[in-house]
Amino acid sequence: MGPELTRPSEPAIITIFGANGDLAKRKLLPALFNLYHEKLLPENFLIVGNGRRSDLETWKRDMREGVETFSRRGKPDEAEWQEFSSNLQFAFGGLDDRGLYEGLRGLITQTEASWGRGANRIHYLSIPPSMVELAIHGLNDAGLNDDKKRDRVVIEKPFGTDLTSAEDLNTKVTAAFDECQVYRIDHYLGKETVQNLLAFRFGNALFEPIWNRSYIDHVQITVSEEVGVEGRGAFYESAGALRDMIQNHLLQVMCMIAMEPPVSFEADEVRNKKVDVLKAVRPIPPGELYKYAVRGQYGAGHSRGEKEPGYRQEEGVDPASSTETYAALQLYIDNWRWQNVPFYLRTGKRMPCKVSQVSIEFKPVPHQIFPGTTGEHFEPNRLIINIAPKEGIVLRFQSKQPGKGMRLQTVNMDFYYSEAFHVEPPEAYETLLYDVMLGDSTLFMRADQEHIAWSIIQPILSAWTNTPSADFPNYAAGTWGPEAGEALIARDGRSWHSLPVEGV
């Protein structure tokens with residue numbers, strides 16, 4: 001966050017439903033404390049935790065432990081923590097308890113009266129998808145959705161588990177809250193490098209003229225994870241890589257790469273352009289799913305020299321599970337800019353390294369004037385946008401090696417946030433919570449975006465659900481996925497780019 005950001009002028013009351021969970025401890029409270037440290041919380045603010053267990057002092061102690069352990073700033077200053085934590089409250093009760101919501105309404109009314117002005121009231125649903133409907137009903141019945149300008153609800157992914165459940169959830173949410181009050185959060189869109197895609201593309205004259213099918217050969221979007229399911233086997237059994245990563249994270253990154261220039265930076269103008277991309281995704285022909293979609297599941301293997309179990313041996317996982325831990329898609333966007341340019345998306349667990357990266361490969365020069373021996377390591381120009389762990393952008397191009405004769409070598413021109421700005425980028429949740437307080441929905445999913453994203457994924461999801469894989473596990477932990485994943489891109493005479501790029 002740069003110096004141009006200012007403290008929100010409107011007071012804020014943030015209620016975190018599910019405040020005893022990992023998300024609150026690892027992400028939300030550390031993010032809110034960092035905003036407080038940077039004077040980016042309003043002068044008047046209140047954070048209310050809700051849960052079925054704990055009390056105020058216990059919750060404060062747990063949240064302080066979370067800030068000390070997970071904040072990018074480390075252990076907080078004692079005096080500063082005391083000042084911040086004096087603005088914490090706890091509301092005990094279950095989501096099915098009508099008294100909980102009435103109590104919250106009374107607390108909000110009392111707090112606003114003490115401040116002498118109204119506040120933006122943010123209801124953050126840090127709860128399982130199955131519990132969202134209960135919370136929405138409770139907020140609605142207590143009138144905590146009445147003010148269309150001030151009452152806001154934040155809903156964590158996954159937003160539904162398939163197209164039908166997402167549509168059903170949207171119907172229930174928008175029956176209680178107007179669309180302008182709903183913030184469907186995808187933390188990937190809060191990452192600094194993802195946001196920088198807009199600045200990179202539309203703030204510079206250099207790349208936009210070649211950002212199309214005439215110059216770009218193909219685009220690769222990779223999100224690989226070194227870890228397995230980390231004790232969340234029961235959850236992952238109901239999710240899988242296609243739902244958990246591609247339906248939201250990777251499709252949204254693809255939208256940022258492929259969208260047309262917006263007329264302005266207004267939230268709905270930017271989101272309209274993203275929706276246009278999703279609408280233009282070519283449906284996968286029935287009966288040809290195997291050509292465009294690959295799934296995998298890791299078996300036992302080695303990672304960083306340590307022996308790792310297979311997915312089916314993880315806690316909470318069915319020993320005969322057909323849940324995919326790897327998914328790769330080949331998609332096409334049918335419009336003038338991108339016609340017949342393939343977008344390859346892949347994600348997987350227990351892979352050799354943790355990296356989130358977009359790699360844009362440009363078409364080769366139309367005529368190669370140099371003898372073959374001059375370019376033994378010749379490769380097409382590539383633009384690499386590294387989202388994590390080291391945020392930056394690398395341009396790979398050809399240069400003459402020093403010395404006599406003409407010998408070409410691929411070199412990097414690079415930019416990294418930490419080196420260019422000498423600051424650590426904010427965590428994604430800091431950016432997104434700040435935007436919710438401002439009422440800026442640019443980085444949040446709209447109902448029609450969710451619907452179309454699920455529509456793209458649903459045929460694949462249905463086919464995989466109805467036909468369990470017969471060859472799982474089909475890749476070893478610590479490798480780059482199944483052979484079918486390599487074949488997906490090799491059929492076109494291409495290959496997955498080596499990761500990570502040197503220096504990233």
**Prompt:** Mind checking whether Lys279 and Val275 have side chains closer than 4.5 Å, heavy atoms only?
**Reply:** yes
**Nearest-0.5 Å distance that lies between atom CG in Asp147 and atom CZ in Arg152** = 9.0 Å
**Asn386 vs Pro389 side-chain heavy atoms within contact, under 4.5 Å** = yes
**Message:** Check whether Arg105 reaches the backbone of Ala142 with its side chain - one donor and one acceptor, N or O, closer than 3.5 Å.
**Reply:** yes
**Prompt:** How many angstroms lie between atom CD of Glu266 and atom OG1 of Thr442, to the nearest 0.5 angstrom?
**Reply:** 7.5 Å
**Request:** Mind running side-chain contact (heavy atoms from CB on, under 4.5 Å) on Trp338 and Trp211 for me, showing each step along the way?
**Result:** CA-CA 9 Å; Trp338 296 111; Trp211 208 265; 3.5 Å; yes
**Prompt:** Does any donor atom in the side chain of Arg382 or His497 lie under 3.5 Å from an acceptor atom in the other side chain?
**Reply:** yes
**Pairwise side-chain contact, Asp186 with Gln449, heavy-atom cut-off 4.5 Å (strictly under)** = no
**Prompt:** Which pair of non-hydrogen atoms, one from Phe33 and one from Pro76, has the smallest distance, and what is that distance?
**Reply:** CZ-CB, 3.3 Å
**Asked** With no hydrogens and no angle check, do the side chains of Asp151 and Asn145 hold a donor and an acceptor under 3.5 Å apart?
**Response** no
**Message:** When you measure from the side chain of Lys60 to the backbone of Ser85, do you find a donor-acceptor pair of N or O atoms at a distance under 3.5 Å?
**Reply:** yes
**Item:** ring pair (Phe, Tyr, Trp, His ring centres under 6.0 Å) partners of residues 239-277, not counting sequence neighbours, each pair once
**Value:** His187-His249, Tyr188-His249
**Asked** Regarding Lys25 and the six-membered ring of Phe70, is the cationic atom NZ or CZ under 6.0 Å from the ring centre and inside 45° of its axis?
**Response** no
**Request:** To the nearest 0.5 Å, tell me how far Trp115 CH2 sits from Thr111 OG1.
**Result:** 6.0 Å
**Request:** Using modelled atom types only, decide if a donor and an acceptor are shared between the side chain of Glu112 and the backbone of Arg117 within a distance under 3.5 Å.
**Result:** no
**Item:** Close side-chain approach of Leu40 and Met437, heavy atoms under 4.5 Å
**Value:** no
**Pairs satisfying salt bridge (Lys or Arg N to Asp or Glu O under 4.0 Å), at least one member in residues 438-462, at least two apart** = Asp268-Arg446, Arg446-Asp448
**Asked** So, do Ile257 and Phe343 sit near enough that their side-chain heavy atoms are less than 4.5 Å apart?
**Response** yes
**Item:** ring-ring contact (aromatic ring centres under 6.0 Å, His included) partners of Tyr101, counting only residues at least two apart
**Value:** none
**Prompt:** Does the pair Phe200 and Phe207 meet the rule for a ring-ring contact (aromatic ring centres under 6.0 Å, His included), with working shown?
**Reply:** CA-CA 8 Å; Phe200 181 78; Phe207 289 101; 4.7 Å; yes
**Asked** Passes side-chain contact (heavy atoms from CB on, under 4.5 Å), Leu41 versus Tyr434? Steps please.
**Response** CA-CA 8 Å; Leu41 286 184; Tyr434 178 78; over 6 Å; no
**Request:** Decide whether Ser71 and Asn34 meet the rule of one side-chain donor and one side-chain acceptor closer than 3.5 Å.
**Result:** yes
**Asked** Can you name the nearest heavy-atom pair linking Ala135 to Leu95, along with the distance?
**Response** CB-CD2, 4.4 Å
**Item:** Enclosure of Glu269 CD (heavy-atom neighbours >12, cutoff 6.0 Å)
**Value:** yes
**Message:** Under the rule for ring-ring contact (aromatic ring centres under 6.0 Å, His included), what residues qualify as partners of Tyr332, not counting sequence neighbours?
**Reply:** none
**Prompt:** Do you know which two heavy atoms are closest between Phe202 and Pro261, and how far apart they sit?
**Reply:** CE2-CA, 3.5 Å
**Request:** Please round to the nearest 0.5 Å and tell me the distance separating atom CG of Asn140 and atom CD1 of Ile136.
**Result:** 8.5 Å
Tell me which donor-acceptor pairs under 3.5 Å the side chains of residues 10-18 have, and how far apart each pair is, sequence neighbours excluded?
residue: Glu10; atom: OE1; partner: Arg150; partner atom: NH1; Å: 3.0
residue: Glu10; atom: OE1; partner: Arg150; partner atom: NH2; Å: 3.4

**Prompt:** Closest heavy-atom contact between Leu23 and Ser126?
**Reply:** CD2-OG, 3.3 Å
**Message:** Whether the side chain of Thr347 engages the backbone of Val223 through a donor-acceptor N/O pair (distance < 3.5 Å, no angle test) should be reported.
**Reply:** yes
**Request:** Determine, step by step, whether Glu427 and Arg72 satisfy the salt bridge (Lys or Arg N to Asp or Glu O under 4.0 Å) criterion, reporting the C-alpha distance in whole Å, the side-chain angles of both residues, the deciding distance to 0.1 Å, and the verdict.
**Result:** CA-CA 8 Å; Glu427 292 287 342; Arg72 62 189 172 92; 5.6 Å; no
**Prompt:** Quick check: does any side chain N or O of Ser86 sit under 3.5 Å from a backbone N or O of Glu83, one acting as donor and the other as acceptor?
**Reply:** yes
**Prompt:** Do other residues, nucleotides or ligands put more than 12 heavy atoms under 6.0 Å from the CD atom of Glu78?
**Reply:** yes
**Within 6.0 Å of NZ in Lys148, more than 12 heavy atoms from elsewhere** = yes
**Request:** Please identify each residue that fulfils side chain to side chain donor-acceptor pair (under 3.5 Å) with Arg304, with sequence neighbours left out.
**Result:** Glu226
**Item:** Backbone N/O of Gly233 and side chain of Glu314: donor-acceptor pair under 3.5 Å
**Value:** no
**Message:** Do Gln220 and Val358 have side chains that approach each other closer than 4.5 Å (heavy atoms only, starting at C-beta)?
**Reply:** no
**Asked** Within the side chain of Gln89, is there an N or O that forms a donor-acceptor pair under 3.5 Å with the backbone of Leu56?
**Response** no
**Item:** Pairs touching residues 229-246 that satisfy side chain to side chain donor-acceptor pair (under 3.5 Å), sequence neighbours left out
**Value:** Lys157-Asp244, Glu237-Tyr311, Glu237-Ser321, Glu237-Thr323
**Request:** Any side chain to side chain donor-acceptor pair (under 3.5 Å) involving residues 162-180? Give me the pairs, sequence neighbours left out, ordered by first then second residue.
**Result:** Glu133-Lys172, Thr161-Ser165, Asp162-Ser165, Glu167-His451, Asp168-Lys172, Asn170-Arg184, Glu179-Arg184
**Message:** Ignoring hydrogens, what is the shortest heavy-atom contact between Gly49 and Ala19? Give both atom names and the distance.
**Reply:** CA-CB, 3.5 Å
**Message:** Under the rule for ring-ring contact (aromatic ring centres under 6.0 Å, His included), what residues qualify as partners of Trp454, not counting sequence neighbours?
**Reply:** none
**Asked** Got a sec, which residues hit side chain to side chain donor-acceptor pair (under 3.5 Å) with Glu308, two or more places apart in sequence or on another chain?
**Response** Arg350
**Message:** I need the Ile221 CD1 to Gln357 CD distance, nearest 0.5 Å.
**Reply:** 11.0 Å
**Complete:** d(Cys255 SG, Arg271 CZ) to nearest 0.5 Å is 12.5 Å
**Fill in**
For His123 and Leu144 the tightest heavy-atom approach is NE2-O, 3.0 Å
**Fill in**
Sequence neighbours excluded, the answer for side chain to side chain donor-acceptor pair (under 3.5 Å) partners of Glu68 is Arg64
**Asked** Do Ile384 and Ile393 have side-chain heavy atoms sitting under 4.5 Å apart?
**Response** no
**Message:** Is it the case that the side chain of Asn204 and the backbone of Leu206 share a donor-acceptor pair, with hydrogens and angles ignored and the cut-off at 3.5 Å?
**Reply:** no
**Asked** Can you name the residues that form a ring-ring contact (aromatic ring centres under 6.0 Å, His included) with Tyr36, not counting sequence neighbours?
**Response** Phe45, Phe84
**Non-hydrogen side-chain atoms of Leu32 and Glu430 separated by less than 4.5 Å** = no
**Asked** Salt-bridged, Glu260 to Lys273, with N to O below 4.0 Å?
**Response** no
